[in-house]
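Worksheet: one structure, shown below.
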Amino acid sequence: MRKIAILFLLIVLIAVWGCEKVSNPQYHVDKESCNACGECLIVCPVDAIEFDADGKAVIDQTKCNQCGKCINVCPQDAIY
Amino acid sequence: MKKLFLLLIVLYAVTVQAQLSSYTDISFRYINTDSSSEFFTDPNDSEVKKASGYSGMDWEYHLNYKFNKNLFLTWNNQLFYSEVSSELRNSFLYDKSRLSIGFRNSVHKLSLFLNNRFYGDDDTTISNIAGLDTLIKKRATFAYGLNYELNFGKLEFATSGYYRNLRYLEYTTSQNEWENDLYLASKLGYQIIPHWQIFTNFYYKDDLNQVDWYDQTKWGAGVAYENRFDFFNSVEAVVNYFHSETDELPQYQNDYLFTKVRYFKRFGTTFSSFITYINRSTYNTSQEKLLRISNLIRLQAKYIYQEGRAESSYLLFSGKYNPENSGSKLRLGVNQHLFKDLYFGIAGEYAPDLYNGYEGEFRYLLSGFRYLYLRYQLRDYQDFVGTQKIQAGLSYQF
């Protein structure tokens, strides 16, 4: 179990710090953290966010302009 | 007489098994902003609206109704009013609601849902929606959908779809127009051994007003692991490969890997914590490089140091590391029972690329989940106008 944890930690370190980031990052919603308050839907200036079948916010990547307003208003820190 | 008897039986069956729970919250707020605050609602308006202080109100209502053990209905509604619209609230008046009605048993779940939002007319912020080559003011959004889930032994199937209409006012012509989108999603999974599932998933989006440009199709496949060892430990993990086809995103992002791991840990009944790691990575074949789209490391720990009659006193720490979207943040908060039914909470937030903030709250419990509250929140944003908010409200569950 300890070996698996160390291996996983190494993979995380490489994934976070060992790779370059893309030039146009995307915003996504962690559905487990979203409490469906709708703050991000209201603030989105390009109408890219909607509630899905589970009632959780989801970002349409074809519409999102990466303005970052949603990450500022999310009270659950669910947007990343 | 026979019909009346049958009707009485049906009514009895419905009322005996029915369960109703609802919750409402109403609050009034006053927001003070930096003296240089400017709110643009119209790019051609020579008179820029300045507001250093304005008030507003918020009313939420949530209803859950179970007709019997299989049929259910949920309805959530929020009405928001503010004297002016602001950078982080693009309408001074809006109402959003979600209605869901469905059936579920141990194998099937079927639900219909409706998401509506209505925006006030005058001060709604001008937008430039992707796919619409014009400035608009949003008027209303309607989303009508259907969701079906099947859990049959080791087999799991879920499919959902919704049709979305955005009604908007075209700013230059003052004409009311519609923008329509269709979204579909499906997942098929099979448990190969205990705790391990393999699955395939599909997503389709069709912009019905445009030709292809804003459409997206995604196929995926992956493996998921979930194990609740005991009350104190549980792990969830998923690895999902996606192939996406759309003209709107860079080609090298069309194939990407999504990884998520969550670990929950409790020590006794007083300390609980979880850590989440989410990664999206892609491989750029032209550069021959592995690239990270987004990473999230999130940690939360809660220590309850005093059990109260209705609420406990606790210390809460949370941290979020999200370097790609400058979303890293630290939060430290405490909730303290003062005396009798009065509680006090205070928290500080440090997000170097987003904002720094503080908030405090007095909460007076009336009974159970019914309380009066007085909140203060200060936010000093990096990219937006800073705000101080005072909010007083009543939260009532019945």
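Each chain gets a letter, A, B and so on, in the order its sequence line appears, and its residues count up from 1.
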- Please round to the nearest 0.5 Å and tell me the distance separating atom CG of A/Asp77 and atom CG of B/Asn322. 10.0 Å
- Pick from B/Asn76, B/Thr141, B/Asp181 with the largest number of heavy-atom pairs that fall under 4.5 Å of chain A: B/Asp181
- Is chain A contacted by the side chain of B/Thr259, its backbone, both, or neither, given a heavy-atom distance below 4.5 Å? neither
- Task: Counting only heavy atoms closer than 4.5 Å, note whether A/Glu32 contacts chain B via side chain, backbone, both or neither.
- Result: both
- Taking B/Asn279, B/Ile278, B/Leu249 one by one, which has the highest count of heavy-atom pairs under 4.5 Å against chain A? B/Ile278
- Query: Any side-chain heavy-atom pair from A/Asp30 and B/Arg262 closer than 4.5 angstrom?
  - Reply: yes
- Message: Under a 4.5 Å cutoff for heavy-atom pairs, which residue among B/Tyr381, B/Tyr94, B/Phe80 has the most contacts with chain A?
- Response: B/Tyr94
- Note on the structure: When every non-hydrogen atom of A/Leu41 is compared with those of B/Lys138, the smallest separation belongs to O-NZ, 4.2 Å
- Note on the structure: In terms of heavy-atom contacts, B/Lys205 and A/Asp60 come closest through NZ-OD2, 2.7 Å
- Query: If every non-hydrogen atom of A/Tyr80 is compared with every non-hydrogen atom of B/Phe258, which pair is closest and at what distance?
  - Reply: OH-CE1, 3.8 Å
- Grab the two heavy atoms, one from B/Arg98 and one from A/Asp52, that are nearest each other, plus how far apart they are. NH1-O, 3.4 Å
- Derivation and outcome, salt bridge (charged side-chain N to carboxylate O under 4.0 Å, His left out), residues B/Glu179 and A/Lys63: CA-CA 13 Å; B/Glu179 211 259 342; A/Lys63 291 183 175 180; 3.8 Å; yes
- Query: Considering only heavy atoms, which portion of B/Ile293 lies under 4.5 Å from any heavy atom of chain A: side chain, backbone, both, or neither?
  - Reply: both
- Note on the structure: Residue set satisfying side chain to side chain donor-acceptor pair (under 3.5 Å) with B/Lys96, at least two apart, ordered chain then number -> B/Gln78
- Separation between CG of B/Asp247 and OG1 of A/Thr62, rounded to the nearest 0.5 Å: 10.5 Å
- Item | Minimum heavy-atom distance between A/Gln76 and B/Arg298, given as atom pair plus value | O-NH2, 3.1 Å
- Message: For A/Ala53, is there any backbone N or O sitting under 3.5 Å from a side-chain donor or acceptor partner on B/Asn147?
- Response: no
- Would you say B/Asn325's side chain and A/Gln26's backbone share a donor-acceptor pair under 3.5 angstrom? yes
- Item | chain B contact via A/Cys70 - which portion, at a heavy-atom distance below 4.5 Å | neither
- Task: Inspect the surroundings of OH in B/Tyr144 and state if more than 12 heavy atoms from other residues, nucleotides or ligands are less than 6.0 Å away.
- Result: yes
- Could you please spell out the steps behind the salt bridge (charged side-chain N to carboxylate O under 4.0 Å, His left out) verdict for A/Glu50 and B/Arg164? CA-CA 9 Å; A/Glu50 184 55 78; B/Arg164 188 175 188 272; 2.6 Å; yes
- Item | Check: B/Lys320 side chain, A/Ile79 main-chain N or O, donor-acceptor pair, under 3.5 Å | yes
- If you round to the nearest 0.5 Å, how far is CG of A/Asn72 from CZ of B/Phe384? 5.0 Å
- Message: For A/Val22 and B/Tyr252: C-alpha separation, side-chain torsions, deciding distance, then whether side-chain contact (heavy atoms from CB on, under 4.5 Å) applies.
- Response: CA-CA 9 Å; A/Val22 294; B/Tyr252 67 86; 3.7 Å; yes
- Query: Can you check side chain to side chain donor-acceptor pair (under 3.5 Å) on A/Gln61 and B/Gln253, steps first, answer last?
  - Reply: CA-CA 11 Å; A/Gln61 299 299 330; B/Gln253 291 189 20; over 6 Å; no
- Task: Supply the atom-to-atom distance B/Tyr162 OH to A/Phe51 CZ, rounded to the nearest 0.5 angstrom.
- Result: 10.5 Å
- Examine whether an atom of B/Leu166 lies under 4.5 Å from a heavy atom of chain A, and if so say whether it belongs to the side chain, the backbone or both; otherwise answer neither. side chain
- Message: I'd like to check A/Asn24 versus B/Pro250 (side-chain heavy atoms, cut-off strictly below 4.5 Å). Are they in contact?
- Response: yes
- Which one, B/Tyr263, B/Tyr168, B/Tyr183, leads in non-hydrogen pairs under 4.5 Å with chain A? B/Tyr183
- Note on the structure: Pair count under 4.5 Å, heavy atoms only, with chain A: among B/Glu324, B/Arg117, B/Gln216, highest is B/Arg117
- Most contact-rich option vs chain A, by heavy-atom pairs under 4.5 angstrom, among B/Lys329, B/Lys289, B/Arg331, B/Arg280, is B/Arg280
- Task: Output all residues satisfying ring pair (Phe, Tyr, Trp, His ring centres under 6.0 Å) with A/Tyr27, sequence neighbours left out; order by chain, then residue number.
- Result: none
